[in-house]
Amino acid sequence: MSKNLVIVESPAKAKTIEGYLGKEYTVKSSFGHVRDLATKDLSIDVEHDFKPLYEIMPDKLKMIKDLKKLADSSEIIWLATDEDREGEAISWHLSEVLGLKPANTRRIVFHEITKTAITEAILHPRSIDQNLVDAQQARRVLDRLVGFELSPILWKKVKPSLSAGRVQSVAVRLIVEREEDIRAFNSTFAFKVTGIFDVENEFGKATIKADLPKRYATSAEAKAFLEICSNATFTVADIETKPAKRSPAPPFTTSTLPQEASRKLSFSVSRTMTVAQQLYEAGKITYMRTDSVHLSLTALGMAKEEIVRSYGQEYHKSRQFTTKSKGAQEAHEAIRPTYLNQSAVDGDASQRRLYELIWKRTIASQMADAALEKTNIYINISTSKEQFVAMGEVIKFEGFLKVYLESTDDESEKEEGLLPQLKKGELLGMNEITAVQKFAQPPARYNEASLVKKMEELGIGRPSTYAPTISTIQKREYVVKEDREGASREFEQLTLRAGKVKSAIRIEKFGFEKNKLFPTDIGELVTRFLMQSFIDIMDYNFTANVEKEFDEIAEGLQEWNHIIRDFYGPFHRKVTEALESKERAKGEKLLGPDPKSGKNVYVKIGRYGSMAQIGETESEEKPRFAGLRKGQSIESISLEEALKLFDFPRPIGEFEGGEMIVGIGRFGPYVLHNKKFYSLKKTDDPVTLTADEAIDLIVEKRVVEANRTISEFVERPDVKVLNGRFGPYISIGKENYKIPKGSAPASLSLNECLEIAKSAPPSAKKKGFVKRGKK
DNA sequence: CAGTGAGCGAGCTTCCGCTTGACTT
């Protein structure tokens with residue numbers, strides 16, 4: 001048994017550190033938090049200074065038992081959790097549950113995982129900072145109070161199983177409000193004039209493209225301008241060149257990495273985080289959940305060496321960036337390769353690509369500025385006071401651009417290249433001038449990565465929760481991520497060529513969206529509901545404001561339960577008020593009368609989601625109901641579309657003596673035949689589906705079913721080897737089992753199947769192990 | 001997996017932040 005026990009948060013870190021410390025030290029990890037508020041009810045004694053009721057998390061019980069054994073037999077216990085609020089709290093909870101004594105307990109922190117940093121930390125231990133721990137308790141208690149008092153209001157007043165919280169509700173609000181802005185957006189237009197001119201001088205022949213800074217509001221004005229140009233001469237009025245520089249972006253954090261991985265690699269936020277985790281565990285990159293852009297001295301040194309070696313001294317420039325985001329805690333470094341001389345790693349394609357991105361970004365951040373030369377050429381029009389301007393950009397020294405350039409979300413980036421050589425006063429030949437009707441763009445919808453960016457800006461959520469929060473608001477069906485078809489519109493293009501102005505009407509596509517976040521009916525309804533009664537919690541600055549209070553607790557200027565008391569009083573009154581006074585929110589909307597019956601047609605939110613209704617709920621005669629289909633919403637559905645929903649179920653013919661009926665169910669449109677259900681394909685339309693198409697569906701499914709069974713056993717009809725979505729598996733009754741690698745599924749005997757089932761680990765679906773956010 | 005929606009009432013749901021696996025049909 002070694003003399004010293006060191007406890008860190010992550011097992012990967014523990015492994016590395018153990019190597020640095022030698023055999024006098026055993027290094028273990030806590031796997032994050034070990035104790036939390038009990039899961040049942042509030043678990044906060046509101047009457048007695050908000051005393052929290054803590055409980056060891058069920059999946060940590062065994063680990064704590066093992067740690068306790070080790071701690072009891074060690075001379076000194078070193079608590080080396082992260083140096084931030086949550087890390088301090090983990091150390092405190094550990095010392096409580098392990099029964100550590102101050103005499104032989106040391107709290108240490110280090111900022112980078114190197115032998116020097118760790119030995120240095122061991123030389124300068126301190127004790128647990130109770131103020132910082134209290135700031136964390138305040139954070140934890142506040143989140144529980146908000147979440148567990150708001151959610152039940154939604155269950156009663158909107159729909160069961162909904163949730164609300166300090167972070168998720170504000171994230172949903174961002175998406176709802178962006179959608180409202182887009183709906184309210186009035187697309188104005190203006191005519192943009194561009195000229196193409198011919199150049200012919202001692203440097204050769206070329207063309208030059210130049211824009212008119214002035215835009216014209218109407219087609220008539222644009223046309224008048226082109227006509228003025230038709231017999232004008234064009235001369236170079238002025239040539240302006242000025243040097244410019246461009247600097248590299250800071251190294252990655254948990255917010256910027258998914259943004260770039262989304263833009264450059266089309267990764268979702270969760271995929272980026274999963275792959276980054278794999279790289280971290282393989283020792284390839286530093287920790288991936290960080291809000292810091294700081295690089296260690298070791299990293300700076302490695303970067304310099306690599307850059308000088310590969311590109312030369314003049315490409316290197318040492319930079320240290322400072323973190324600007326609200327509420328950053330900086331317990332870690334920026335995300336960077338562990339070894340900067342490795343520009344590539346082994347692994348699957350995702351790992352290699354993400355690593356390359358991280359490597360380039362880190363290296364570029366330590367490289368020299370790019371030197372540019374910007375050129376503006378102004379072109380006079382003999383018949384007008386307006387001027388055309390051509391803009392060009394030439395790279396004089398690549399600097400960091402040799403390695404990496406950050407992308408932007410704005411796709412309409414200007415390409416500014418090299419301009420032909422010209423002289424002041426030179427005459428240009430007019431090739432053509434166009435005036436194109438350009439529509440203004442509405443605000444852009446969020447995608448996952450840009451939502452993370454916005455949340456970081458507002459200080460909402462933490463690096464470890466960005467990805468889970470995004471999946472929570474989708475699982476609760478407040479938000480959907482999807483593609484939407486755009487629409488087409490006409491625009492006018494006027495062209496001046498050979499002295500004549502011609503007008504053409506063209507068609508452009510616009511509004512196409514891919515993988516964007518849209519609010520659902522329920523998301524909009526819940527946001528509206530919470531905004532009415534809990535505007536302060538929905539405020540974009542709520543988190544930033546409470547963070548200031550937590551900081552005061554951390555500095556010892558305030559008692560944590562006083563802060564909570566001041567918050568809880570008014571908050572709880574509003575909760576009671578909302579429960580007593582507010583009506584059930586249904587988001588009901590009247591679409592108009594049903595032409596057949598004359599009764600009103602409504603859309604509203606019911607227990608199972610959005611639905612349409614014909615007739616009144618209060619009337620003697622029961623109303624008819626029909627669920628809205630996927631992609632339809634209360635906000636956008638028309639009366640005609642709503643009425644179509646009542647055409648189901650619809651008989652469409654017979655097959656093998658049984659009637660076929662098309663219907664729309666919870667899982668989308670289907671055909672019912674002989675008590676069996678057949679889902680329609682995405683391309684099939686339930687309104688127009690014919691009997692022949694339905695028969696195709698039935699036959700097709702039968703083929704799949706026939707291929708599903710690999711083997712059956714006469715002795716045990718409940719045991720089967722089947723083909724599933726994830727490959728072959730064994731099904732016994734209602735349980736399914738994985739087939740171990742190396743055994744051929746088709747040749748498994750009944751005994752072998754039963755053996756596999758027996759030795760299989762127990763199902764993880766037991767209570768208490770269901771992951772957050774999953775249903 | 002499969003067609004609900006009124007109202008009654010049982011018993012359930014829910015937060016954020018720190019960490020990894022286990023395992024899906």
Side-chain angles (χ1 to χ4, degrees), chain A residues 8-13 29-37 39 41-42 57 59-60 63 81-82 84-87 89-90 93 136 139-155 159-169 277 280-281 287 289 331 460-466 468-469 472 476 543 586 604-613 617-618 622-627 648-649 661 663-670 672 675-679 708 722-731 735-738 760-765 769 771-772 774-775:
Chain A
V8 295
E9 287 180 42
S10 118
K13 216 171 172 178
S29 106
S30 75
F31 294 85
H33 274 295
V34 296
R35 204 167 70 150
D36 189 20
L37 290 174
T39 44
D41 304 325
L42 268 188
M57 294 145 96
D59 52 337
K60 301 290 168 64
M63 190 259 323
T81 54
D82 294 348
D84 59 13
R85 202 161 64 201
E86 300 295 329
I90 293 173
H93 282 297
Q136 193 273 347
R139 199 279 303 156
R140 182 66 191 93
V141 166
L142 177 94
D143 282 339
R144 172 59 68 88
L145 289 171
V146 170
F148 276 38
E149 296 219 350
L150 287 187
S151 300
I153 306 179
L154 297 180
W155 305 343
K159 205 181 134 176
S161 301
L162 293 176
S163 65
R166 172 177 62 83
V167 172
Q168 58 167 288
S169 298
Q277 174 92 29
Y280 167 69
E281 282 168 23
Y287 198 56
R289 289 186 279 266
I460 298 164
R462 303 278 314 129
S464 66
T465 60
Y466 294 140
T469 302
T472 299
R476 297 262 175 277
T543 292
K586 298 192 188 83
K604 65 186 197 182
I605 289 177
R607 268 199 295 160
Y608 308 102
S610 301
M611 61 180 182
Q613 171 188 326
T617 24
E618 300 83 30
K622 264 195 187 174
R624 293 170 64 204
F625 298 101
F648 298 97
I661 294 167
I664 294 173
R666 193 143 71 95
F667 307 102
Y670 62 88
L672 179 59
K675 292 188 180 167
K676 278 190 155 179
F677 290 90
Y678 303 88
S679 292
R708 207 165 83 96
L722 301 171
N723 247 326
R725 254 202 307 155
F726 304 106
Y729 67 100
I730 301 166
S731 157
E735 296 283 328
N736 297 317
Y737 303 92
K738 215 162 118 175
S763 157
K765 277 194 236 164
F769 285 92
K771 259 193 162 175
R772 168 154 45 116
K774 290 215 166 150
K775 281 198 182 163

Test side-chain contact (heavy atoms from CB on, under 4.5 Å) applied to A:D143 and A:V146, step by step: CA-CA 5 Å; A:D143 282 339; A:V146 170; 5.6 Å; no

Ring centroids of A:W155 and B:dT13 base under 5.5 Å with planes under 30°: yes

Base of B:dT14 and ring of A:F148 stacked, centres under 5.5 Å, planes under 30°: yes

Separation of atom [atom1] in [X] from atom [atom2] in [N], rounded to whole Å:
{"X": "A:M63", "N": "B:dT19", "atom1": "CE", "atom2": "P", "result": "13 Å"}
{"X": "A:H33", "N": "B:dC16", "atom1": "NE2", "atom2": "P", "result": "14 Å"}
{"X": "A:L154", "N": "B:dC15", "atom1": "CG", "atom2": "P", "result": "11 Å"}
{"X": "A:D82", "N": "B:dT20", "atom1": "CG", "atom2": "P", "result": "10 Å"}
{"X": "A:E149", "N": "B:dT13", "atom1": "CD", "atom2": "C1'", "result": "16 Å"}
{"X": "A:Y608", "N": "B:dT4", "atom1": "OH", "atom2": "P", "result": "9 Å"}
{"X": "A:I90", "N": "B:dG17", "atom1": "CD1", "atom2": "C1'", "result": "9 Å"}

What is the nucleic acid contact for [X], judged by heavy atoms within less than 4.0 Å: base, sugar-phosphate only, or nothing?
{"X": "A:S679", "value": "base"}
{"X": "A:G32", "value": "base"}
{"X": "A:Y466", "value": "nothing"}
{"X": "A:Y287", "value": "sugar-phosphate"}
{"X": "A:Q613", "value": "nothing"}
{"X": "A:G461", "value": "sugar-phosphate"}
{"X": "A:L150", "value": "nothing"}
{"X": "A:L672", "value": "base"}
{"X": "A:M57", "value": "base"}
{"X": "A:A89", "value": "nothing"}
{"X": "A:Q277", "value": "sugar-phosphate"}
{"X": "A:P649", "value": "base"}

When you measure from the side-chain N and O atoms of [X] to the phosphate of [N], is any distance below 4.0 Å, counting only OP1 and OP2?
{"X": "A:R462", "N": "B:dC18", "result": "yes"}
{"X": "A:S10", "N": "B:dT20", "result": "yes"}
{"X": "A:R144", "N": "B:dG17", "result": "no"}
{"X": "A:R140", "N": "B:dC18", "result": "no"}
{"X": "A:R289", "N": "B:dT20", "result": "yes"}
{"X": "A:S163", "N": "B:dT14", "result": "no"}
{"X": "A:S151", "N": "B:dT13", "result": "no"}

Stepwise side-chain contact (heavy atoms from CB on, under 4.5 Å) check, A:M63 with A:V34: CA-CA 9 Å; A:M63 190 259 323; A:V34 296; 3.8 Å; yes

Closest-nucleotide 5' rank along DNA chain B - winner of A:P160 and A:I460: A:P160

Closest-nucleotide ordering on DNA chain B, the 5'-leading residue of A:Y280 and A:R166: A:R166

Basic-acidic side-chain contact under 4.0 Å: A:D82, A:K13: yes

Looking only at non-hydrogen atoms, find the nearest pair between [X] and [Y] and report the distance.
{"X": "A:F148", "Y": "A:L42", "result": "CB-CD2, 3.8 Å"}
{"X": "A:G461", "Y": "A:V167", "result": "N-CG2, 3.8 Å"}
{"X": "A:S29", "Y": "A:S10", "result": "CB-C, 3.5 Å"}

Exam field: side chain A:K604 to backbone A:Q613, donor-acceptor pair closer than 3.5 Å: no

Counting only side-chain heavy atoms from C-beta out, which of [options] sits nearest to [X]?
{"X": "A:V167", "options": "B:dC18, B:dG17, B:dT4", "value": "B:dG17"}
{"X": "A:E281", "options": "B:dG21, B:dT19, B:dG17", "value": "B:dG21"}
{"X": "A:E86", "options": "B:dA6, B:dG17, B:dT14", "value": "B:dG17"}

Result of checking A:R289, A:R140, A:R462, A:R139 against A:E86 for salt bridge (charged side-chain N to carboxylate O under 4.0 Å, His left out): A:R139

Gap in Å between the two C1' atoms, one belonging to B:dA22 and one to B:dC1, rounded: 24 Å

Side chain A:R139 and base B:dC16 donor-acceptor under 3.5 Å: yes

